[in-house]
Protein chains: 2
Amino acid sequence: MKKAEATRLTILQKAFELIYVKGYQTTSIDDILATTQVTKGAFYYHFKNKDEMGLAIINEILKPTMAESFIAPLQNQGNPLVFIYEMMNHLLIDNPYLKPEFGCPASNLTQEMTPWNVDFSQALNELTKQWEETLIGALENGKLNGFVRNDVNARQVTLMVMSGYWGVRNLGKLDQGKESYVLYLKELKNYLKSLN
Amino acid sequence: MKKAEATRLTILQKAFELIYVKGYQTTSIDDILATTQVTKGAFYYHFKNKDEMGLAIINEILKPTMAESFIAPLQNQGNPLVFIYEMMNHLLIDNPYLKPEFGCPASNLTQEMTPWNVDFSQALNELTKQWEETLIGALENGKLNGFVRNDVNARQVTLMVMSGYWGVRNLGKLDQGKESYVLYLKELKNYLKSLN
DNA sequence: ATCAAAACATACTAATTAGTATGTTTTTGA
DNA sequence: TCAAAAACATACTAATTAGTATGTTTTGAT
């Protein structure tokens, strides 16, 4: 990789971590410069302004990461109800990068930036729609293969699952550890069981 | 009411609205002064600093409002599954003060202030615990009265319901209207039906 | 090797922010 | 009524912020 590209990527990655922990508005450019050891001149060479960097984070960091975590596990054949549960369990319990006290990066950004920042709103909307359609597809597939009852509304179930995830990620910020996650997952299992 | 008390209350109410719409950090004290027509001297006579005002908003505006919206409807006897659905329907569809594009005040504040602001975290935790315990109580009552299956775990269901609400309030910020709310409510009804 | 463009570095600016200092006016209790 | 306290008003400060102006250094193609 070219050196300049490496600089740009460092900025995106470190800024993403800072924003995940502190929030977008409260992460200053000086914060980012301090942790990356990049100078202001370099920063503004790579990005027109802070928002352009923020959008690059969504499109070049968040989107691929989510595609890997949320989309890939559902492309397999097999019982989508099982895959959905395992995906959630992995995200909430196993994933070492997502800490309960900091919530979910995409959910945090959505809460902070919508509806005022139109560009962020649109980018985040694409992100969630991508996840939504994948879940719906997996559930429809599950209906065809007999894993899911035929009267189940895939879009409704998807919204229930996604809402539950974002919600428990936010509720979980209030307690010390993963208690809320554990309780949520147990009930998610019951709910998913009721769909076949 | 004393004039001074009225000034204080005006600040709390208008600031609450501004914070709901714009967020806590991005609502400046000058914003609040401009919309309330209160001067800086008056503001700092009533509040030591911005955070003290924020905490007063939680304890004196949010808490009573939530007690009215979330707690009261569940104190009745009768089928808690029905009451929960109607509460959600009322909050998401009927309530004229809560706009999809601005989400849920308590959820927004939780996302923005935790874990860094300890005082806010604690106040918001009390708020949600209050709601949680009320929901659990209503469900346990429903079990005793035969409205809810006995093998249902009230705390788990409560977490599912609360997570779903906060989650869909955040997801809903991304679309124009209440489509997500409608879909969520339909599936919530199915889910609640599976509990009796 | 050279030179132009790319990449980076440093010092500055203008706006915004929470909070303070120091007043004046209004209310209240004896 | 009248003084003291409560309530409010205004001007200021110091820090932080995103962004700019103006450089120097590095890179890569010829």
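The shown structure was predicted, so the numbers you read here are calculated from the model rather than taken from an experiment. All chains are named by letter (A, B, ...) in the order of the sequence lines, taking the proteins before the strands, and each is independently numbered beginning at 1. Side chains are part of it too, since the values below use all heavy atoms of this structure and drop only hydrogens, waters and symmetry mates.
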Will you find, in the side chains of [X] and [Y], an N or O donor that is under 3.5 Å from an N or O acceptor?
{"X": "B:Asn117", "Y": "B:Asp51", "answer": "yes"}
{"X": "B:Asn170", "Y": "A:Ser107", "answer": "yes"}
{"X": "B:Glu52", "Y": "B:Tyr44", "answer": "no"}

Integer-rounded Å distance: [N] [atom2] and [X] [atom1]:
{"X": "B:Met53", "N": "C:dG19", "atom1": "CE", "atom2": "C1'", "answer": "14 Å"}
{"X": "B:Lys3", "N": "D:dC8", "atom1": "NZ", "atom2": "P", "answer": "6 Å"}
{"X": "A:Phe43", "N": "C:dT10", "atom1": "CZ", "atom2": "C1'", "answer": "17 Å"}
{"X": "B:Gln37", "N": "D:dA9", "atom1": "CD", "atom2": "P", "answer": "10 Å"}
{"X": "A:Arg8", "N": "C:dC8", "atom1": "CZ", "atom2": "C1'", "answer": "16 Å"}
{"X": "B:Lys40", "N": "C:dT16", "atom1": "NZ", "atom2": "P", "answer": "13 Å"}
{"X": "A:Ile19", "N": "D:dA18", "atom1": "CD1", "atom2": "P", "answer": "11 Å"}

Original post:
Do any side-chain nitrogens or oxygens of B:His46 fall under 4.0 Å of OP1 or OP2 in D:dA6?
Top reply: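 For D:dA6, neither OP1 nor OP2 has a side-chain N or O of B:His46 closer than 4.0 Å.
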Original post:
Is the gap between the ring centers of B:Tyr24 and B:Phe120 under 6.0 Å?
Top reply: yes
**OP:** Would you confirm whether the ring centroid of B:Tyr97 sits within less than 6.0 angstrom of the ring centroid of B:Tyr20?
**Re:** no
Original post:
Choosing from D:dT20, D:dA9, C:dT28, which nucleotide comes nearest the side chain of B:Lys2?
Top reply: C:dT28
**OP:** Side chain of A:Thr39 only, please: which of D:dA18, D:dC8, C:dC8 is the nearest?
**Re:**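 Nearest nucleotide to the side chain: C:dC8.
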**OP:** For residues B:Glu86 and B:Val82, determine if any side-chain heavy atom of one lies less than 4.5 Å from a side-chain heavy atom of the other.
**Re:** yes
**OP:** Select base, sugar-phosphate, or nothing to describe what B:Tyr44 touches, counting heavy atoms under 4.0 Å on all strands.
**Re:** base
Original post:
Going by heavy atoms closer than 4.0 Å, what residues in residues 20-34 of chain B are next to DNA chain C?
Top reply: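 Residues of residues 20-34 of chain B under 4.0 Å from DNA chain C: B:Thr27, B:Ser28, B:Ile29.
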Subject >> Presence of donor-acceptor pair under 3.5 Å, side chain of A:Lys50 and base of D:dG19 >> reply: no
Subject >> Distance, nearest 0.5 Å, that separates CG of A:Leu185 from NZ of A:Lys178 >> reply: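 These two atoms lie 10.0 Å from each other.
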